[in-house]
Amino acid sequence: MEGLNGPQREAVAHVDGPLLVLAGPGSGKTRVITRRVAYLVRAVGIAPWQVLAITFTNKAAGEMRDRVAELLSAGQAKSVLICTFHSLGVRLLRQYGSVLGLKQGFSIYDSSDQQRAMKQALAELEISTKHFPPDRVLGTISQAKNELVDVEAFATGAGDFYSKSVAKLYRRYQEILTRAGALDFDDLLLKSVELIRHPQTAEAIKQRFAYVLIDEYQDTNRAQFILAHGLAAGQGNICATGDPDQSIYRWRGADIRNILQFQDHYPLAKVVRLEENYRSTKKILAVADVLIQNNTQRKPKRLFTENEAGEPVEVVLCADEKQEAKVVTEQLSAWRTQAGLTYGDMAVFYRVNSLSRVMEDSLRTAGIPYQIARGTAFYDRKEIKDALAYLRAVANPADSINLARIINTPARGISDTTLKGLQLAALTGRRSLYDLMQRLGDVPGLNARAAAAVGKFAQQLESWRQLLGGLATEEVRLREFVEKVLKESGLEDFYRQDKTDQDQERLLNLGELISAVQQFEQEQLPELAEEAAGNAGADAARGLEWKLQRYLEQVSLVSDVDAVDPGLGSVTLMTLHAAKGLEFAGVAIIGLEEGLLPHSQSNQSPAEIEEERRLCFVGITRARRLLTLTHTRYRTIFGQTQPTIPSRFLRELPEENLKEVDRSEEHGWEAGGFANSTFTYGGKKDSQGQGQSAPRKSKGEYEVGTLVRHPMFGLGRVTSVSASGGNTRVQVHFNSGSTKNLILEFAKLEKVSL
DNA sequence: CCACATTTAATTTTT
DNA sequence: TTAAATGTGG
């Protein structure tokens, strides 16, 4: 209880029955959770393994684990389960999944795997991807899954053409995943809920935890809600903490009603409010508070702090994103030299990832160390994905979607046509690709050369599998196995031919992957093995296969922020979404412009604007001492330079706490010179006479009806001319009968004069 | 069958 | 601007 204020103590000392902690930013929420865990174990005498704490990211889980470890003995701390919803799902499914017909080595699909599966579903059902873009269909399905709407329920509720088509796709998609022994992210939750409702497993799961704590409760979706309440159903000791003003994942199915209606679910729930902020200066907090009061759909709440008033929040107007990056870079450097902050204690936030590039360039030139919170970036690289696909192919041969990815990477003489043939045979025979490859006699119309290539690869796969399930597996290191697969697959040699720098880098990345495997094996596997030994089913294989499965699971669940290491002493760059739950002494938020924040994709409804405002609120409240907000006059997005409108949120901030600076006119960034060169290109502004600049003229030469010649397509006639991102796009109907869209500046088009 | 060249499309946020 | 899809020549 040491060092806690009244409401915090109240929350910590609450033992039995539901508890809701409404915690404003910086109010010591994490502290309350960790202390409460310690209190339950040490003061009340609850067995540590009966306590479950659920966080939003693995990183948050790790931090909480560290903090709990400071309050308990090492043995006790280890026994408390602290993880994310998704990793909890994996644990439950690993242990009980067999009742749902799930195998041990199930694959976890990321969005690109999902995309492949969906494309296959579309192809099999002969539905056009034009009308049904895979992303969009997957989005609809994801939404359904988050609301626990399964295939049957979705089909029943489908009325219009779109829904009916999606229903078909949903069914086929799920069949493909099931056949592949795969689950997507949403399935991890959905299937966990199935377990909690399954007669064979419900009791065991409900009795397993006596105390359940859920952090960031405002961002839970329906599936997570049911899961959380199911887990706590045994003894009814559920504790939810969160802040409705920080709900920023509505688009991911988060239902803010979960927190707003907690008391309706549990009329006897104790409610504790934490409103004193220990993080930010008075001015920063005031800015955040005034901003968020513009939201109408919220419960009123007053934030206050005893901290010093601090510096005003700087709002800087820049000419364009390059200057913006420069201004922020100088600011960070000044914070270090003048305010005594370290780079590790500073961050730059932005609404969309694409804004990071200019910022990176600027920091790199200035020699300021930085890290980007994109934990997935490493695993997003082609070579890493390929490498992991090989490992997954060995761990789960039934996963045909995965196998198709690497069957001819690197090239080994298996063409698209051959693959299509195999897939068709697999579909009609209801067998996996792997299965089929082991018995090629069943595939019709396969030429000898292709058959030989496939056969060879099948043999290769089988040999790895033998190794995995072999007898002496206890002795084989995971690292050695991965090295072997990378060598024998030819992946390493493929990049070793080092034709380009890129190939060189890819080779290095493969090396890095091997180090990562080794690190996992040394640091995390022993703990997992220890834990597994304690569980029932200790006789389960602890061999190579088991190790590989654990590794692949871990890799699937890494999140963007997980990679952030504050000890590195570098500035952190991340999206506003990723910033949730973190804090820094100095924060810069860039791109406060209409269309960016609030984002143009979400200005349809007031509810969406309010979510964007909460996002802005989250960003502001991450700052402890210094905060800078920037916006620009012109911004180039996707090659198109456009004038911007300052974010409406800027206008909502209290002027008395701001210091507004206009640096857009500084030498080298004058709007005049700027507009003359790049800007008129876009053709948006024509205050400069009739805009008769050079590109316009070249555009003028080509009009509808102009006769042209193309080196490839021959003679043709222009059918339309339009501006496109600073370039001119022409549509030409060629005499050959084809119509092509060409960019005038790039296409080798010449005018034919009569 | 494969490597390379050309063309086209796409940019919200993520476990 | 870049990654992915498509087309082309060896």
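Proteins come first, then strands; the chains are lettered A, B, ... in the order of their sequence lines, and each starts at number 1.
The nucleotide whose nearest atom lies closest to any side-chain atom of A:A411 is, among B:dA3, C:dT1, C:dA5, B:dA3. Of the candidates B:dC2, B:dC1, B:dT15, B:dC1 carries the atom nearest the A:R449 side chain, counting heavy atoms from C-beta on. The side chain of A:W251 sits closest to B:dT13 out of B:dT13, C:dT1, B:dC2. Closest to the side chain of A:A450, out of B:dC1, B:dT15, B:dC2, is B:dC1. Distances from the side chain of A:R357 to the nucleotides B:dT12, B:dC1, C:dT1 place C:dT1 closest. Among B:dT14, C:dT2, B:dC1, the nucleotide with an atom closest to any side-chain atom of A:T575 is B:dT14.
Among the protein residues, A:S111 comes within range of no part of the nucleic acid, since none of its heavy atoms lies under 4.0 Å from any strand. At the heavy-atom level, A:K119 lies under 4.0 Å from the strands shown only through sugar-phosphate atoms. When heavy atoms are screened at a 4.0 angstrom cut-off, A:R614 is found touching no nucleic acid atom at all. When heavy atoms are screened at a 4.0 angstrom cut-off, A:D186 is found touching no nucleic acid atom at all.
In this structure, the separation between CD1 on A:I645 and NE2 on A:H631 is 12.5 Å, given to the nearest 0.5 Å.
Rounded to whole angstrom, the span from the CZ atom of A:R250 across to the P atom of B:dT15 amounts to 20 Å. Here B:dT15 presents its C1' atom at 7 Å from CZ of A:F56, a figure rounded to the nearest Å. Going from atom NE2 of A:H577 over to atom P of B:dT15 covers 11 Å, rounded to whole Å. Look at CD1 on A:I609: it is 13 Å from C1' on B:dT12, rounded to the nearest Å. Rounded to whole angstrom, the span from the CD1 atom of A:I414 across to the P atom of B:dC1 amounts to 10 Å. Going from atom CZ of A:R116 over to atom P of C:dA4 covers 11 Å, rounded to whole Å. To the nearest angstrom, P of B:dT15 lies 20 Å from CG of A:L190. We find that CG of A:N58 is positioned 9 Å from P of B:dT15, with the value rounded to whole Å.
Checked by atom type, the side-chain pair A:N258/A:T220 shows a donor-acceptor distance below 3.5 Å. Using modelled atom types and a 3.5 Å distance limit, the side chains of A:N295 and A:R613 yield a donor-acceptor pair. Side-chain contact check for A:T632 and A:E593: at least one donor-acceptor pair (N or O, by modelled atom type) lies under 3.5 Å.
Separation of the A:W251 and A:H599 ring centroids does not fall under the 6.0 Å cut-off. Ring pair A:Y109/A:Y173: centre-to-centre distance not below 6.0 Å.
The base of B:dT15 sits within donor-acceptor range of the side chain of A:H86, with an N or O pair under 3.5 Å.
Comparing A:G413 and A:E612 by the nucleotide of DNA chain B that holds the closest heavy atom to each, the one mapping nearer the 5' end is A:G413. Heavy-atom distances to DNA chain B give each of A:D135 and A:L189 a nearest nucleotide, and the one nearer the 5′ end belongs to A:D135.
When both distances must be under 3.5 Å, the Watson-Crick or G-U wobble mate of B:dT13 does not exist.
Centre separation under 5.5 Å together with a plane angle under 30° does not hold for the ring of A:Y249 and the six-membered base ring of B:dT13, so they are not marked as stacked.
Between B:dC1 and A:T418, a contact under 4.0 Å exists linking OP1 or OP2 to a side-chain N or O. Distances shorter than 4.0 Å separate some side-chain N or O of A:N353 from OP1 or OP2 on B:dT13.
If you take atom P in C:dA4 and the same atom in B:dT13, they sit 15 Å apart, rounded to whole Å.
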